[in-house]
Amino acid sequence: MTDVTKILDGLNEQQREAVVAPAGPLLITAGAGSGKTTVLTRRIAWLIEASGISPHRIIAVTFTNKAAREMKSRVEGLLGRSSAPYQIATFHGFSNRFLRIHHEAAGLPRDFTILDQDDQKSFINRLIKDNQLNVRNKTPREIQSYINSKKEQQLRAAQASGDSDFRSQIMGPIYELYERECNIRGLVDFAEILLRTVEVMQRNQLVRNEMHERYHHILVDEFQDTNAIQIEWLKLFGSHLNYVTAVGDEDQSIYGWRGAVAKNMLSFGSIFPNTRLVRLEKNYRSTQTILSAANSVISRNRDRFEKNLWTDREGGDPISYYSAYDYRDESQFVARKIRALYAAGMPYSNMSILYRTHAQSNIFENTLSSYKIPFRIYGGVRFFSRMEIKNSLAYLRLMVDPDNNPAFQRIINEPPRGIGEITQRRVIECAQREDVSFMQAARMIVQDESEQMRIRKPLKDFVGLIDGMESDCSELTLSRIIAHVNVHSGLRAYYLSKDTEIDKPRVENLDELINAGENFIRTNMDDTTSNEVVSDGREAITPFLDSVTLDAGDTFDEAPDTLSLMTLHQAKGLEFPVVFLVGMDEKLLPHANSMTFGTPSQINSQIEEERRLCYVGMTRAQDQLYLTRASFRLSFGVLNSYRPSRFLNEIPIEYLQKAIFESDIEQSSSDTPALTFGSEEELENLPGKLVRHNKFGEGTVIDAKAEHSCTIIRINFEDVGEKQIVMEHASLEFVGN
DNA sequence: AAAGGATGAATTTTT
DNA sequence: TTCATCCTTT
C-alpha cells in the first residue's frame, strides 16, 4: 500500500470529510469551482488505497465523455495506470457495455445498432413516409422528443398511448410503430440504452444479483442533471448496499429541457436513507469580484438552497462590460481585446469565448480569422456527424450487420451507382412483403428472373461489392479495413472527382477516419477487453462504431495554443483565466424560447434555467470576465434589434466597468460594402426617398442617423410597416424621391 | 436516373 | 443567411 495520507494532501476540511466518509449514502453539494472532481477522484483513490476496496467493485458515472476521460486520467495520476479495472464511464457508455454482454436477457441481437440523434430523426422520417402516416402538423423533431421523453419516464408505447393528452393521441401510434420497427431491426436509441438496461435489472434477478455481487460502490458526477430514468438506474445498481456517492450543484443544473430533475438533489436523502451531507463552499477558481457578481445573479433564483460560496482571492479586476452596436462590432471588440491580451503575454489557450447558441459562433469565426487569431470551436458540426464519415461508417456497419436497414439506405446509392428511387422502392416493397431486411430483399431481386435487368444488374453489383469487402477484410486491422472501405466503396474517388470547395475536405476527412480507427485501437489496447480486438479488425468494428456514436469525439487535433469557442453548456466543468461571455441580450440569454412557450410557472422555471446558464458562464472565469452584447444582430438574413439581458441588471454596478476600444485606427480599413452613407449631408438627404428592400418590398425613408461605423435608417414599408435597418447590411435599392 | 435550379423552411442547449 | 426538399430538364 502506498502512503495513504498523500491522497488527502492539500484538501480543506469539508473536502477531506467527503473523501474519507465511510461507506454509505453520501451527498456532496459542490459549488462552482469547489474542487468537486478532485474530491470525487480522491474518494475513489481513498476507497481503493485506504479502505481496501477492490477496484473492480467501483463504478463512477458521468454524463459526458469528456468528464469521464478527465476523471480517469486524474485517478490514474493518483494510483498509477496499473490498477485499471475500476469503471469510469458515462451512463450511456456503461449501459451499452452492459447491454452488449447481456444482449440475450435484453432481447437484443448481439450487433444491435445505436441510433444517434440524427439517425433517430431520419428513421422516424422514413417510417412516416413509408407508412404514409398522418402526423398532422407534428414535425419529426417533435415526435422524436415525444418518444424520448416518454422513454425517460420509463413509458413504453403501449403505456404511453393509453395517455389521454392530445400529444399521445397523435404521436402514440407513431411511437408504437417506431418501437416495433426498432425491435425488429435491432435499433437502439440513446434513451433506449438506459431504459433497456433498467428493464433488464428490474426483471432479471439473475443479472441483478450478478451486478450486485460485482459492483458495490457507485459514484455519480453532476447529480443535478439526472433524469427520472437515471435515478431508477442508480437505485437498481446501488440500493442493495446503499454505497452511493453523488456530487452536484443545483445552481448548475442546465439540462432541465432534457428531463433533468435538479430536485433529485433534495430527494437523494429519501431514496438512500441515512445520507451524510457534505457541503463544499470554498471556491478555488475565481476572484472575489467575479464570484460576488455571479452569486448576485444566481441569488435571484427562488428554487435553490441558500449557500455561501466564498473565496480567499480578495478583490480582482472589475468585470468589463461592452455594449456593442451590432454583432460585428461585438466580435471586433472581443478580437481586439484578445489580441491585446495576447500581446501582453496571455496565451490564447487561457482565453475562451462562450455563447448561448452555436449560431453565434459564425461571426466570431470570421472576425478571429481576419485577426489571425488561432481558435478552435467545440461542437458545431462534429467530425463523426459529417456526411462523408457517416457514409463510410455505414459501409463498416453493413459488413458486420448486413441487415441494418438505415445503413443500407444510406449508402445504397452513395456514391451514385445507378440505383435510384425506383429501384429502391422495389427493394423496400419486397422487404415489406417478404418481411426481410433490405439487403435480403436486394438479394432476392437479384435472383428474380422476372425482374427487369435494369433493376437487377446494379443491385447485383452492390451486393457483390459488400460481400467482396467483407471477405477482403478478414485479415486486416481496423484502420486498414477503413482504408479499404474508403477506396473500394468508391467514396474517396467520388469526392475527389467532384473537386469543389465543399468536397475537398471530405477526402481529408475520410483519410482522417483511418487515423481515428488506429487511435481507437491504441487507446483501447490497455483496456481489459482488447487483445483479440487488435488481431481481427472486424471484431473491432462494433466497439468502434459504438464509441463513435456514443462519444462526439473532439479529442484529436490538440493544437498547442488556441483560443476556445463553445456554448455555455459545453463550458460546464471547465475554467479559463479569461472568459468572454458574449451575447448578453434578451432573446439570447435568456433565450427567446425560454420565455415564449408554456404556462407562466413553466416560463419562470425556464428563465431560472437560463439564469443558471449565465451563472455557469460567469463562474468559468478565474481572473477576468468580459460581458458583451449587441443592439443589432442578423438572423435569417434579417436584422433584429436586441435589448440588454436582464441578467446584466442583476450584477451590482460596482463590479462592472465599461470597456472601450484601445484604438479605433483599424476601424476604417474594414471591408464595408459599397454603400456607405457616413456624411451628414447624405444623411439629411435620405428622408423621403423611396427604397426597395429584397424582403420587405418598397417603402419611404423616415429618418437616418450615423452610429459607430454604421447607418441606421428608419423606413416605412408599404406592406410590413415601420422597420429599422442598418443600411450597410441590408441590400437596399433606391427607386426615387 | 441524375443533375441542376427553384422554392420553402428553420436555428437552443446533448448522451 | 443556409440547408433541405421538390420539380424540372437532360
Side-chain angles (χ1 to χ4, degrees), chain A residues 61-68 89-96 114-118 120-122 125 129 139-141 144-145 148 151-152 188-194 222 225-227 229-230 253-260 327 354-363 366 378-382 385 387 413-425 454-455 458 498 502 546-554 566-572 583 587-597 606 609-610 612-613 616-617 633-640 694-695 729-731:
Chain A
V61 276
T62 62
F63 281 82
T64 66
N65 294 288
K66 196 164 63 179
T90 62
F91 276 102
H92 290 83
F94 182 91
S95 302
N96 176 46
I114 302 170
L115 298 179
D116 68 21
Q117 203 84 297
D118 290 343
Q120 188 188 27
K121 195 157 77 190
S122 45
N125 244 329
K129 278 197 185 124
T139 63
R141 222 188 128 143
Q144 180 180 29
S145 77
N148 289 340
K151 286 191 181 189
E152 273 154 16
V188 173
D189 59 48
F190 284 146
E192 184 72 33
I193 291 177
L194 300 186
E222 308 280 14
D225 289 334
T226 47
N227 61 24
I229 197 139
Q230 282 156 337
S253 161
I254 53 177
Y255 288 100
W257 53 276
R258 240 179 66 192
Y327 61 100
L354 310 181
Y355 36 74
R356 176 68 237 265
T357 68
H358 277 306
Q360 290 165 262
S361 70
N362 241 310
I363 313 114
N366 296 336
Y378 286 72
V381 189
R382 280 181 282 280
S385 52
M387 176 187 47
N413 202 30
E414 193 71 33
R417 50 172 68 89
I419 304 178
E421 201 185 324
I422 291 172
T423 309
Q424 290 183 38
R425 272 248 83 79
R454 174 106 168 268
I455 284 177
K498 295 188 67 168
I502 314 132
D546 279 0
S547 98
V548 154
T549 30
L550 250 33
D551 185 349
D554 36 25
M566 67 190 87
T567 65
L568 290 166
H569 285 84
Q570 290 167 325
K572 191 163 73 155
K587 295 196 281 190
L588 233 39
L589 187 66
H591 194 274
N593 289 359
S594 69
M595 23 189 179
T596 38
F597 301 113
Q606 284 160 186
E609 179 149 316
E610 298 290 308
R612 291 193 290 270
L613 220 30
V616 166
R633 291 175 188 281
L634 213 48
S635 66
F636 279 96
V638 178
L639 208 62
N640 291 307
N694 59 354
K695 273 246 156 47
H729 297 310
S731 54

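By convention in this document, chain letters (A, B, ...) are assigned in the order of the sequence lines, proteins followed by strands, and residues within each chain are numbered from 1.
- Summary of the strand contacts: A:Ile419 and A:Ala359 both lie near DNA chain B, and taking for each the nucleotide with the nearest heavy atom, the more 5' one is attributed to A:Ile419.
- In this model, the phosphate group of B:dA2 is approached by a side-chain N or O of A:Asn413 to a distance below 4.0 Å at OP1 or OP2.
- With B:dT15, B:dA2, B:dT14 as the choices, the nucleotide that has an atom nearest any side-chain atom of A:Thr567 turns out to be B:dT14.
- Taking atom C1' in both C:dT5 and B:dT12, the straight-line distance is 24 Å, to the nearest Å.
- Between A:Asn227 and A:Gly259, the shortest heavy-atom distance links the atoms CB-O, 3.0 Å.
- Within 4.0 Å of A:Phe190, counting heavy atoms only, lies at least one base atom of the nucleic acid.
- The base of B:dT13 is not paired with the side chain of A:Arg258 by any donor and acceptor separated by under 3.5 Å.
- Atom CD in A:Glu192 sits about 19 Å away from atom P in B:dT15, given to the nearest Å.
- Taking atom CD of A:Gln570 as the reference point, atom P of B:dT14 lies 5 Å away to the nearest angstrom.
- Contact between the side-chain N/O atoms of A:Ser594 and the OP1/OP2 oxygens of B:dT12 is not found at any separation under 4.0 Å.
- With sequence neighbours excluded, no residue satisfies salt bridge (charged side-chain N to carboxylate O under 4.0 Å, His left out) with A:Glu152.
- The nucleotide whose nearest atom lies closest to any side-chain atom of A:Gln117 is, among B:dT15, B:dA1, B:dT13, B:dT15.
- Listed nucleotides B:dT13, B:dT15, B:dA3 differ in distance to A:Pro416; the shortest reach to its side chain belongs to B:dA3.
- Side chains of A:Gln117 and A:Asp189: a donor-acceptor N/O pair is absent below 3.5 angstrom, by distance only.
- Using atom P as the reference point in both B:dT13 and C:dA4, the two lie 16 Å apart (nearest Å).
- Stacking of the aromatic ring of A:Tyr255 onto the base of B:dT14 is not found under the criterion of centres within 5.5 Å and planes under 30°.
- Distances from the side chain of A:His358 to the nucleotides B:dT12, B:dT14, B:dT15 place B:dT14 closest.
- Put simply, A:His569 does not rest on the base of B:dT12: the two rings are not both less than 5.5 Å apart at their centres and under 30° in tilt.
- The one candidate from A:Arg612, A:Lys572, A:Arg258 that meets the salt bridge (Lys or Arg N to Asp or Glu O under 4.0 Å) condition with A:Asp225 is A:Lys572.
- Here A:Arg417 pairs with A:Tyr395, A:Asn413, A:Pro415, A:Ile419, A:Phe462, A:Leu465 under the side chain to side chain contact (heavy atoms under 4.5 Å, CB included) rule; sequence neighbours left out.
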